[in-house]
Amino acid sequence: MESTVLGYPRIGPRRELKKATEAYWAGQETAAGLEQTAAGLRRQTWETLRDAGLSDIPSNTFSLYDHVLDTAVMVNAVPKRFAALEGLDAYFAMARGADGITALELTKWFDTNYHYLVPELEQATDLRLVGDKPVREYREAKQLGIETRPVLVGPVSFLLLSKAVEPGFAPLDLLDPLLVAYEQLLGELHAAGAQWVQLDEPALAADRTPAELEALRRAYQRLGSLHDRPKLLVSTYFGEIGDALPVLADSPVEAIGLDFTAGPGNREALGAIGGIGGKTLVAGVVDGRNVWRADMPEVLSLCASLLGLVGELTVSTSCSLLHVPLDLDAETSLAPEVAGRLAFARQKVDEVVMLGRWLHGDRVILDPAPKAVAAVSPEVRARLEALGDGPERTPYAVRQAAQNYGLPTLPTTTIGSFPQTAEIRAARAGLRAGHITPDDYEAVMRAEIDRVIALQEEIGLDVLVHGEPERNDMVQYFAEQLEGYAATDHGWVQSYGSRYVRPPILHGDVSRPRPMTVGWARYAQSRTSRPVKGMLTGPVTMLSWSFVRDDQPLAETARQVALAVRDEIADLEAAGIRIIQVDEPALRELLPLRRADRDDYLTWAVGAFRLATSGAADAIQIHTHMCYSEFGEIIDAIAGLDADVTTVEAARSRMEFIADLTAAGYARGIGPGVWDIHSPRVPDVAEMAEALSLAVGVIGPTRLWANPDCGLKTRGYAETEAALRNLVAAARQVRAGLGD
């Protein structure tokens with residue numbers, strides 16, 4: 001191996017996977033048609049990588065929904081509630097739910113904005129090999145004349161990422177039967193002709209206990225000792241490998257993959273153990289998480305420092321390229337001074353190939369990346385220096401007394417967005433293309449706001465939203481109105497399933513030239529006497545879901561974004577908006593994987609939120625929203641945000657986090673999601689009432705709100721209306737049961 005990548009985007013250059021999958025769900029495409037599209041995308045990827053000159057090409061990086069879900073299905077980790085379903089029906093039900101069947105939990109893939117499905121395991125789970133997807137896809141590529149390296153989720157990471165669904169049981173208890181399945185799979189891949197297999201163990205980038213490291217040692221001693229198997233590459237990424245490195249170095253595997261962009265300390269760790277002997281090092285020196293071009297001379301210098309510590313050196317991306325857009329050549333509207341500094345997935349492959357060729361004797365010319373020339377705003381920097389940490393809001397009890405809006409116990413609301421219909425998208429596309437005038441576009445948006453407000457009033461919701469018809473995405477919408485950001489036209493990245501986003505590119509100092517949401521919020525409030533929430537995206541999420549400049553600390557950039565949000569809050573308050581939601585779903589996402597690094601991050605992340613919100617008057621109720629992350633590790637930080645109301649995902653996890661939050665002493669308003677909007681199923685009144693009753697039993701009724709667990713942008717109006725009617729009915733039912 002000279003050069004490789006650890007994975008590649010699977011969505012297609014024109015989002016073919018999204019269109020085919022959603023057509024299948026809608027009954028407009030057959031399973032055979034969906035598979036035909038999938039096979040075409042796999043072939044396109046393999047041929048692209050081959051034609052680029054990549055010496056070692058991965059396979060089994062494609063998925064119809066999620067690679068962790070694929071692994072769960074392959075090893076029979078299918079919960080009993082899906083037993084009556086088969087094939088794609090079972091697969092997609094695990095991802096999205098079905099009538100009367102809840103989906104698996106959805107949570108963040110480490111510190112990225114990709115979401116994976118959390119496997120559910122219990123002692124009785126019969127782990128065994130029941131699928132052959134990696135073998136089929138290896139053979140599929142081989143029939144095209146392309147030799148590939150099948151990629152698998154490593155057994156230890158699979159178990160560490162899984163959820164125990166019975167007390168007293170740990171998923172690692174199932175390591176032995178899982179290893180039997182992996183042994184059988186490696187044997188089948190060997191028989192098919194595979195020379196190498198990649199086993200991804202990203203969980204090693206987080207703190208691991210001695211018992212977990214012992215499980216790692218046992219797993220790879222056992223797999224590495226098989227006689228008839230491919231060579232094994234154990235790859236980890238997203239950080240420094242720490243104490244797991246000597247464990248892998250002492251194992252019989254042939255190659256180790258390390259991330260040197262998110263884990264620069266891996267270089268020192270290699271030196272500390274005297275290298276890895278005759279093993280191959282797959283060096284992740286091209287950043288797979290961000291879009292900036294590699295500084296080739298600097299990377300070569302790093303590679304040169306590694307040569308004496310390894311048997312062979314292979315140049316690679318730091319992680320799968322799943323996390324960056326597909327091809328920079330598709331972008332025609334980016335400013336040249338920005339575009340010239342960028343590399344998307346296709347360009348990163350070229351970087352890896354050139355580095356590999358250079359290290360193996362072909363002295364191609366390697367230009368350094370253009371240096372960042374960020375636009376600096378002296379005014380923004382002066383204001384931030386004058387603000388310092390920003391003034392503190394008055395105590396919550398004082399604010400609570402001032403926020404008397406006449407709401408009932410268990411007030412009902414939604415998270416923000418309503419369904420984005422074909423008509424809304426057509427109007428937005430028409431405005432971009434110049435086919436409709438700005439006045440005509442505004443008329444379409446106002447008509448949709450009228451519809452959303454009237455529907456919420458008729459359903460009986462207590463706090464309304466304007467539905468966000470004018471917004472393409474909760475980050476991109478704001479980025480397009482802020483100085484210092486650039487937006488792409490085709491830079492799609494998979495967030496989960498068929499949900500793709502276009503992360504903007506934050507390349508300079510951030511400032512707000514003018515109000516961004518005030519006109520729409522003012523109009524919506526004029527259509528009703530009930531309170532309408534102003535809807536903003538918080539500074540940490542604006543960073544996390546963007547590709548962020550790398551020439552200054554994240555904390556400094558976060559404060560610049562926070563200042564823009566602070567100004568928007570002030571203008572919303574002046575416009576008469578009394579409830580303002582500042583969403584921070586990515587607060588947990590950016591949490592460093594190593595505990596030693598977390599306090600510093602949480603200090604500046606919480607500080608940025610408070611800087612954004614601390615200028616609001618006592619009578620302004622600040623909400624925040626978080627979803628689909630493991631929040632237990634940041635409970636103190638959530639309280640530190642000092643929001644008046646926090647809404648969180650709880651539908652799939654049955655209120656588990658609410659109990660944790662209450663046990664930690666959280667004493668402000670809380671809105672646990674009682675409808676999983678990422679599933680097409682509509683929960684009935686009884687199911688929502690049960691969830692609310694569970695929450696009442698944990699925290700009491702006085703601080704409790706009733707809401708879905710996320711925005712409704714991806715749902716249709718029929719299911720949205722039905723579910724919201726059930727939500728209101730459930731809240732009224734629980735409210736009535738409270739008596740006095």
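Hydrogens, waters and symmetry mates are skipped; everything else that's a heavy atom, side chains included, is used.
Looking at Arg218 and Asp176, a side-chain N of the basic residue comes within less than 4.0 Å of a carboxylate O on the acidic one, giving a salt bridge. Under a 4.0 Å N-O distance rule, the pair Lys163/Glu120 does not qualify as a salt bridge. Using a 4.0 Å cut-off between a side-chain N of Lys or Arg and a carboxylate O of Asp or Glu, Asp99 and Arg681 do not qualify as a salt bridge. A salt bridge links Arg43 with Glu47: at least one charged nitrogen is closer than 4.0 Å to a carboxylate oxygen. The pair Arg289-Asp111 counts as a salt bridge, with a side-chain nitrogen and a carboxylate oxygen less than 4.0 angstrom apart.
Annotation: ring pair (Phe, Tyr, Trp, His ring centres under 6.0 Å) contacts of Tyr496 (sequence neighbours excluded): His115, His678. Residues passing the ring pair (Phe, Tyr, Trp, His ring centres under 6.0 Å) test with His625: none are found, sequence neighbours excluded. Among residues two or more places apart in sequence or in another chain, the side chain to side chain contact (heavy atoms under 4.5 Å, CB included) test is passed with Ala686 by Asp684.
Listed by first then second residue, pairs satisfying salt bridge (Lys or Arg N to Asp or Glu O under 4.0 Å) with a partner in residues 248-259 read Arg229-Glu254, not counting sequence neighbours. Counting only residues at least two apart or on different chains, the ring-ring contact (aromatic ring centres under 6.0 Å, His included) pairs with a member in residues 7-45 are Tyr24-Phe92, Trp25-Phe92.
With a 6.0 Å radius and a threshold of 12 heavy atoms from other residues, nucleotides or ligands, Gln36 has its CD atom at or below the threshold. Other residues, nucleotides and ligands contribute only 12 or fewer heavy atoms inside 6.0 Å of the CD atom of Glu312. Within a 6.0 Å radius of NZ in Lys231, no more than 12 heavy atoms belonging to other residues, nucleotides or ligands are found. Atom CG of Asp132 sits in a crowded spot, with more than 12 heavy atoms from other residues, nucleotides or ligands closer than 6.0 Å.
Figure legend: Arg96 and Tyr65 shown without cation-pi pairing, the cationic atom not lying both under 6.0 angstrom from the six-membered ring centre and within 45 degrees of its axis. A cation-pi arrangement is present between Arg502 and Trp492 under the rule of less than 6.0 angstrom and at most 45 degrees off the ring axis. Annotation: cation-pi pair Arg42/Phe62 present, NZ/CZ under 6.0 Å from the ring centroid and within 45° of its normal.
The heavy-atom pair separating Ser679 from Gly97 by the smallest distance is OG-CA, 3.6 Å. Between Met94 and Pro79, the shortest heavy-atom distance links the atoms CE-CD, 4.0 Å. Nearest heavy-atom pair across Ala689 and Ala730 is N-CB, 3.6 Å. Between Ile677 and Pro708, the shortest heavy-atom contact is CG2-CB, 3.7 Å. For the residue pair Ala192 and Tyr138, the shortest heavy atom distance occurs at O-CE2, 3.3 Å. Closest approach of Ala93 and Ala98 over heavy atoms only: CB-CB, 4.0 Å.
Going from atom CG of Leu216 over to atom CG of Leu248 covers 5.0 Å, rounded to the nearest 0.5 Å. Leu245 CG to Ile256 CD1: the interatomic distance, rounded to the nearest 0.5 Å, is 6.0 Å. The distance from atom OH of Tyr116 to atom NE2 of His67, rounded to the nearest 0.5 Å, is 9.5 Å. Atoms CD1 and CE, from Ile415 and Met626 in turn, are 12.0 Å apart once rounded to the nearest 0.5 Å. Note that CG of Leu174 and OG of Ser162 are 9.0 Å apart. Values are rounded to the nearest 0.5 Å. Considering OG1 of Thr48 and CG of Leu54, their distance stands at 11.0 Å, rounded to 0.5 Å.
With hydrogens and angles disregarded, no donor-acceptor distance shorter than 3.5 Å links the side chain of Asn76 to the backbone of Val130. Judged by distance alone, with hydrogens and angles left aside, the side-chain atoms of Asp709 form no donor-acceptor pair with the main-chain N or O of Val674 at under 3.5 Å.
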Show your working on side chain to side chain contact (heavy atoms under 4.5 Å, CB included) between Leu17 and Leu64 and close with a plain yes or no. CA-CA 8 Å; Leu17 180 59; Leu64 289 175; 4.1 Å; yes

Checking side chain to side chain contact (heavy atoms under 4.5 Å, CB included) for the pair Lys348/Val5: CA distance, chi angles, key distance, verdict? CA-CA 9 Å; Lys348 288 178 183 292; Val5 297; over 6 Å; no

Show your working on side-chain hydrogen bond (donor to acceptor under 3.5 Å, both in side chains) between Glu22 and Ser498 and close with a plain yes or no. CA-CA 7 Å; Glu22 292 181 349; Ser498 67; 2.9 Å; yes

side-chain hydrogen bond (donor to acceptor under 3.5 Å, both in side chains) between Ser544 and Glu589, worked out: CA-CA 8 Å; Ser544 181; Glu589 180 179 308; 2.5 Å; yes

Chi angles and distances behind the side chain to side chain contact (heavy atoms under 4.5 Å, CB included) call for Thr148, Lys142: CA-CA 7 Å; Thr148 62; Lys142 198 166 187 176; over 6 Å; no

Leu161 and Val118: side chain to side chain contact (heavy atoms under 4.5 Å, CB included), yes or no, with the steps? CA-CA 7 Å; Leu161 293 170; Val118 182; over 6 Å; no

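Side chain to side chain, Gln494 and Arg10 meet the donor-acceptor criterion of an N or O pair below 3.5 Å. A donor-acceptor pair shorter than 3.5 Å cannot be found between the side chains of Trp675 and Glu687. Side-chain contact, Thr37 with Glu16: no donor N or O sits under 3.5 Å from an acceptor N or O. Side-chain N/O atoms of Asn707 and Thr647 include no donor and acceptor closer than 3.5 Å. Of the N and O atoms on the side chains of Glu201 and Thr236, not one donor lies less than 3.5 Å from an acceptor on the other residue. Between the side chains of Arg499 and Thr714, not a single donor N or O lies within less than 3.5 Å of an accepting N or O.
Contact of the Asp243 side chain with the Arg208 side chain is not registered, since no non-hydrogen atoms from C-beta on lie closer than 4.5 Å. Side-chain contact between Glu137 and Pro150 is absent, with no heavy atoms from C-beta onward closer than 4.5 Å. Considering only heavy atoms from C-beta on, Asn113 comes within 4.5 Å of Val501 through its side chain.
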Could you list the donor-acceptor pairs under 3.5 angstrom formed by side chains in residues 180-187, with sequence neighbours left out?
unit_1	atom_1	unit_2	atom_2	d
Tyr182	OH	Val153	O	2.4
Glu183	OE2	Arg222	NE	2.7
Gln184	NE2	Glu188	OE2	3.4

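Between Tyr114 and Trp109, the ring planes lie perpendicular to each other; the angle is over 60°, past the 30° to 60° tilted range.
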